[in-house]
2 protein chains.
Amino acid sequence: MNIKDLTIEQLEEAANMLKAIAHPMRIAILNYLDDGKKLTVTEIHELLKIEQSTTSHHLGILKDKGVLSSKREGKNTYYFLKHANLSNIVNCVSKCTMN
Amino acid sequence: MNIKDLTIEQLEEAANMLKAIAHPMRIAILNYLDDGKKLTVTEIHELLKIEQSTTSHHLGILKDKGVLSSKREGKNTYYFLKHANLSNIVNCVSKCTMN
DNA sequence: TTAACAAATGCAAATATATAAATATATTAT
DNA sequence: ATAATATATTTATATATTTGCATTTGTTAA
């Protein structure tokens, strides 16, 4: 299938995924989750110094749009990249800002 | 410089770039502009079957955020990718939708 | 300079998103 | 069952984005 022939639904799915990533705090989250790292909501909330509810909200968006997965272990929920290659997107754009 | 140490300004710039891309019509536009192709506003407006002003608006956003460049030739303005590697982002996300 | 075409801009209404405070739910230990 | 901790959800307000119509600006040819 040619990439130019994406249906409107596929374009929307791709856009939703990118939209999920396209936020300063969510990019910062993804930068911490490279190399298969797994972090809890509290760890991320402390690393980024943002509200717990805001952190949970951002993680929910990333999970809902297929960027992250999560796994509960006791009281904690660990979040991690669903597809390792999604790091490339963040790396690529982040590098564009380092000139 | 470590990618984890991006400043808030750099995170915002990266987010703005991704936000520019993260729209169904704009992804469709970028899919047409691979391999260094150059297309006019009218060509894109006809290919995508969207209003001329809407097309121009989307192209303006992509240019403003550093995704596209443009070059006027007579009555036409040609738009093209500013950095060839930005195709990777679109390819990567688009492929995620083709499973 | 006027007509015709190409592209960009101003505007308004509809829709979507971000944030944080407050509250609710889930899990574990006592 | 209660307390303590971790996470998620609800809600409200503020802000941003999308779209197309109408208009304006830029360019070429007659």
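Lettering of chains follows the sequences in order, A, B, ..., and the numbering in each one begins at 1. Everything numeric in this text was worked out from a predicted model, so none of it was measured.
Tested against B/Ile29, the residues B/Ile21, B/Leu47, B/Leu59 include a single side-chain contact (heavy atoms from CB on, under 4.5 Å) partner, B/Leu59.
Considering only side-chain N and O atoms, A/His23 lies under 4.0 angstrom from the phosphate OP1 or OP2 of C/dT19. At least one side-chain nitrogen or oxygen of B/Thr54 sits closer than 4.0 Å to the OP1 or OP2 atom of D/dG20.
In this structure, CD of B/Glu46 is placed 13 Å from C1' of C/dA7, rounded to the nearest angstrom. Rounding to whole angstrom units, CG of residue B/Asn16 and C1' of D/dT17 are separated by 13 Å. If you measure from atom CD1 of A/Ile50 to atom P of D/dA8, you get 13 Å, rounded to the nearest angstrom. The distance from atom CG of A/Leu48 to atom P of C/dT19 is 11 Å, rounded to the nearest whole Å. The separation between A/Ile44 atom CD1 and D/dA8 atom P is 10 Å, rounded to whole Å. Note: NZ (B/Lys49) to C1' (D/dG20) measures 18 Å, nearest angstrom. Going from atom NE2 of B/His45 over to atom C1' of C/dA8 covers 14 Å, rounded to whole Å. When rounded to the nearest whole Å, the span between CZ of B/Arg26 and P of D/dT17 equals 9 Å.
Inter-residue side-chain proximity for A/Ser87 and A/Leu81 is flagged as met; some heavy-atom pair is nearer than 4.5 Å. Using a 4.5 Å heavy-atom cutoff, the side chains of A/Ile8 and A/Glu12 are in contact. B/Lys82 places none of its side-chain heavy atoms less than 4.5 Å from the side chain of B/Val67. At a threshold of 4.5 Å between non-hydrogen side-chain atoms, the residues B/Tyr32 and B/Leu39 count as touching. The side-chain heavy atoms of B/Met17 and B/Leu86, taken from C-beta on, include a pair separated by under 4.5 Å.
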Derivation of the side-chain contact (heavy atoms from CB on, under 4.5 Å) call for A/His83 and A/Asn88: CA-CA 10 Å; A/His83 304 292; A/Asn88 298 337; over 6 Å; no
Trace of the side-chain contact (heavy atoms from CB on, under 4.5 Å) decision for A/Thr42 with A/Thr55: CA-CA 8 Å; A/Thr42 299; A/Thr55 308; over 6 Å; no
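Comparing the end axes of the helix from C/dT1-D/dA30 to C/dT30-D/dA1, each fitted to five base pairs by superposing C1' atoms of four pairs onto the next four, gives an inter-axis angle of 20° (nearest 10 degrees).
Looking at residues 57-70 of chain A, you'll see that no heavy atom sits under 4.0 Å from any atom of DNA chain D.
Geometric assessment of B/Lys38 against the ring of B/Phe80 yields a positive cation-pi assignment under the 6.0 Å and 45° thresholds.
The residue among A/Lys19 and A/Ser53 whose nearest nucleotide of DNA chain C is located toward the 5' end is A/Lys19.
Placement of B/Met25 and B/Ile89 within a single hydrophobic cluster is found when ILVMFWY residues are connected by side-chain heavy-atom separations under 4.5 Å, directly or transitively.
For the residue pair A/Ser70/A/Lys63, the side-chain donor-acceptor check at 3.5 Å is satisfied.
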Identify each atom pair where a protein N or O and an N or O of nucleotides 1-7 of chain D are less than 3.5 Å apart, giving names and distance.
| from | atom 1 | to | atom 2 | distance (Å) |
| --- | --- | --- | --- | --- |
| D/dA6 | O3' | A/Lys75 | O | 3.1 |
| D/dA6 | O3' | A/Asn76 | OD1 | 3.1 |
| D/dT7 | OP1 | A/Thr77 | N | 3.0 |
| D/dT7 | OP2 | A/Thr42 | N | 2.8 |
| D/dT7 | OP2 | A/Thr42 | OG1 | 2.3 |

